[in-house]
Visitor: 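The structure is given below, and queries will be raised subsequently.
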Amino acid sequence: MTMSEEKPPICANLIFPILIRPVIHKIERHDPMAAQILLNAIIKAETSEPGLMLDIVNSILKRRDLTVNITESLLKLQGHIPEFDDQKCKRSEELFQDLNRKTYSLKKILSRIPDEINDRKTFLETIKEIASAIKKLLDCVNEISNSLQITSPSDKRALENRKREFIRDSKKFSQTLKEFFREGQTQTVFQSAAQLICATNTIQRTVKTKFDPK
């Protein structure tokens, strides 16, 4: 099989939340214990050998002699999966629930890119939505960072670091769009959008890890 793209690290980072987690969620409905055992095994395997899940997916595609643009496919799948409870911040304060809504909204908009990128008028409107969603998410993160809820300097520092990474990836996405309109290369846009989804997940995971009730 000849893959239609290289295997960038971003694919490995999205295989679990977009492809594997929804499957485990279905198993949970019927056998929670089996789902937890499988989840722990996958996390342990991926931690010890990063990219293992991507290798497995590639192996399945190869056996079936399928050529798939993995990044594009992951983006499309992102638009069809719910936000699972283990991804959401559990704090009841509106500020934290608003973060859940804004991260989900941004990822949902980014997932539309593959279907809309070749329709210039529609894509330009989507770009405006993405820019607005990015600003709203950053505003929410700033509110959390400046909130009295954060008492630990290390927690604040961790969130500020994730915010800087998100801003970096947002700027890279913007630059990629400019290059797309000059050169027409869609793959770099897909990869940049996927990276932005990763950065969004990381912000949400950091807030959840640092501020959810223990």
Side-chain angles (χ1 to χ4, degrees), residues 3 5-25 39 42-43 45-47 49-58 68-89 99-114 117 126-127 129-138 140-141 144-145 158-177 179-180 186-210:
M3 294 301 297
E5 60 173 329
E6 295 296 321
K7 296 192 296 186
I10 188 62
C11 285
N13 294 334
L14 291 180
I15 288 290
F16 178 80
I18 294 178
L19 194 60
I20 305 296
R21 188 63 186 89
V23 174
I24 293 177
H25 179 66
L39 176 63
I42 289 174
I43 291 174
E46 186 69 21
T47 300
E49 190 174 342
L52 178 61
M53 293 300 106
L54 178 59
D55 290 340
I56 292 173
V57 169
N58 279 329
V68 176
N69 184 317
I70 295 181
T71 306
E72 179 181 6
S73 298
L74 289 171
L75 282 176
K76 289 181 177 181
L77 285 170
Q78 176 69 69
H80 296 282
I81 60 173
E83 195 85 331
F84 298 106
D85 287 341
D86 60 0
Q87 293 175 289
K88 297 177 185 177
C89 300
L99 179 76
N100 287 334
R101 291 190 291 269
K102 285 180 167 55
T103 54
Y104 182 68
S105 175
L106 176 55
K107 290 185 286 185
K108 197 82 170 173
I109 300 169
L110 288 167
S111 75
R112 288 160 31 198
I113 288 177
I117 194 167
T126 300
I127 291 171
E129 288 185 52
I130 292 170
S132 175
I134 287 172
K135 182 180 183 304
K136 289 176 181 177
L137 178 54
L138 278 173
C140 185
V141 172
I144 292 175
S145 182
L159 185 55
E160 287 297 316
N161 287 339
R162 300 296 82 77
K163 185 178 78 172
R164 279 194 292 271
E165 292 168 1
F166 179 81
I167 291 172
R168 177 201 64 200
D169 291 333
S170 298
K171 289 180 177 178
K172 183 178 179 181
F173 177 71
S174 179
Q175 181 59 39
T176 301
L177 290 174
E179 294 170 0
F180 165 73
T186 59
Q187 185 60 28
T188 53
V189 178
F190 296 158
Q191 290 175 340
S192 188
Q195 180 61 52
L196 197 50
I197 288 176
C198 268
T200 303
N201 285 340
T202 302
I203 281 181
Q204 188 177 28
R205 185 165 56 249
T206 299
V207 173
K208 178 178 177 61
T209 300
K210 298 294 184 182

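All values reported here derive from a predicted model rather than from experimental measurement.
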Visitor: Going from CD on Gln204 to CZ on Arg162, what distance comes out if it is rounded to the nearest 0.5 angstrom?
Guide: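 Going from the CD atom of Gln204 to the CZ atom of Arg162 covers 14.5 Å.
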
Visitor: Salt bridge (charged side-chain N to carboxylate O under 4.0 Å, His left out): which pairs involve residues 99-110, sequence neighbours left out?
Guide: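 For residues 99-110, and leaving out neighbouring residues, the salt bridge (charged side-chain N to carboxylate O under 4.0 Å, His left out) pairs sorted by first residue read Glu83-Lys107, Glu94-Arg101, Asp98-Arg101, Asp98-Lys102.
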
Visitor: Considering non-hydrogen atoms only, spot the tightest contact between Glu46 and Ala12 and give its length.
Guide: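 For Glu46 and Ala12, the tightest heavy-atom pair comes out as OE2-O, 4.3 Å.
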
Visitor: Tell me the closest heavy-atom pair linking Pro17 and Asn201, and the distance in Å.
Guide: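 That would be CG-ND2, 4.3 Å.
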
Visitor: Taking all non-hydrogen atoms of both residues into account, name the closest pair between Phe166 and Ala199 and its distance.
Guide: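 Of all heavy-atom pairs spanning Phe166 and Ala199, the closest is CD1-CB, 3.9 Å.
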
Visitor: Of the non-hydrogen atoms in Ile117 and Pro114, which two are nearest, and what is the gap between them?
Guide: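 Heavy-atom minimum between the residues: CG2-O, 3.9 Å.
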
Visitor: Which value, rounded to the nearest 0.5 Å, describes the distance between Lys163 atom NZ and Glu160 atom CD?
Guide: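 Reported value, rounded in 0.5 Å steps: 4.0 Å.
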
Visitor: Is the shortest distance from a Lys or Arg side-chain nitrogen in Glu165 or Arg168 to a carboxylate oxygen in the other one below 4.0 Å?
Guide: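 Looking at Glu165 and Arg168, the cut-off is not met.
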
Visitor: For residues Ile70 and Leu14, determine if any side-chain heavy atom of one lies less than 4.5 Å from a side-chain heavy atom of the other.
Guide: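 Sidechains of Leu14 and Ile70: no contact.
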
Visitor: Taking atom NZ as the centre, does Lys208 end up with more than 12 heavy-atom neighbours from other residues, nucleotides or ligands that are less than 6.0 angstrom away?
Guide: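 More than 12 within 6.0 Å, yes.
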
Visitor: Could you check if a side-chain atom of Phe16 sits within less than 4.5 angstrom of a side-chain atom of Leu39, using non-hydrogen atoms only?
Guide: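 Yes, side chains in contact.
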
Visitor: Let me confirm one number: the OG-CD1 distance from Ser192 to Ile197, rounded to the nearest 0.5 Å.
Guide: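 Answer rounded to 0.5 Å: 10.5 Å.
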
Visitor: Which pair of heavy atoms, one from Ala193 and one from Ile113, lies closest together, and at what distance?
Guide: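 Closest approach of Ala193 to Ile113, heavy atoms only: CB-CD1, 3.8 Å.
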
Visitor: In Å, rounded to the nearest 0.5 Å, how long is the span from CD1 of Ile56 to CD1 of Ile20?
Guide: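 Result: 7.5 Å between the selected atoms.
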
Visitor: Mind running side chain to side chain contact (heavy atoms under 4.5 Å, CB included) on Leu19 and Met53 for me, showing each step along the way?
Guide: CA-CA 10 Å; Leu19 194 60; Met53 293 300 106; over 6 Å; no

Visitor: Determine whether a donor-acceptor pair (N or O, by modelled atom type, separation under 3.5 Å) exists between the side chain of Asn100 and the backbone of Cys89.
Guide: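 Yes, because the side chain of Asn100 sits within donor-acceptor range (under 3.5 Å) of the backbone of Cys89.
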
Visitor: Identify, with sequence neighbours excluded, every residue that meets side chain to side chain donor-acceptor pair (under 3.5 Å) alongside Thr188.
Guide: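 None.
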
Visitor: With no hydrogens and no angle check, is any side-chain donor or acceptor of Thr209 less than 3.5 Å from a backbone partner on Arg205?
Guide: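 Yes; judged by distance alone, with no hydrogens or angles, the pair exists.
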
Visitor: Write down the atom of Phe190, the atom of Thr71, and the distance for their closest heavy-atom approach.
Guide: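 Smallest heavy-atom distance, with atoms named: O-CG2, 3.5 Å.
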
Visitor: Pair Ile167, Lys171 - check side chain to side chain contact (heavy atoms under 4.5 Å, CB included), show working.
Guide: CA-CA 6 Å; Ile167 291 172; Lys171 289 180 177 178; 3.8 Å; yes

Visitor: Which distance, rounded to the nearest 0.5 Å, do you find between the CD of Glu129 and the CD1 of Ile109?
Guide: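 Output value for this atom pair is 5.0 Å.
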
Visitor: Measure the spacing between OG1 of Thr186 and CG of Asn69 and express it to the nearest 0.5 Å.
Guide: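 Answer rounded to 0.5 Å: 7.5 Å.
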
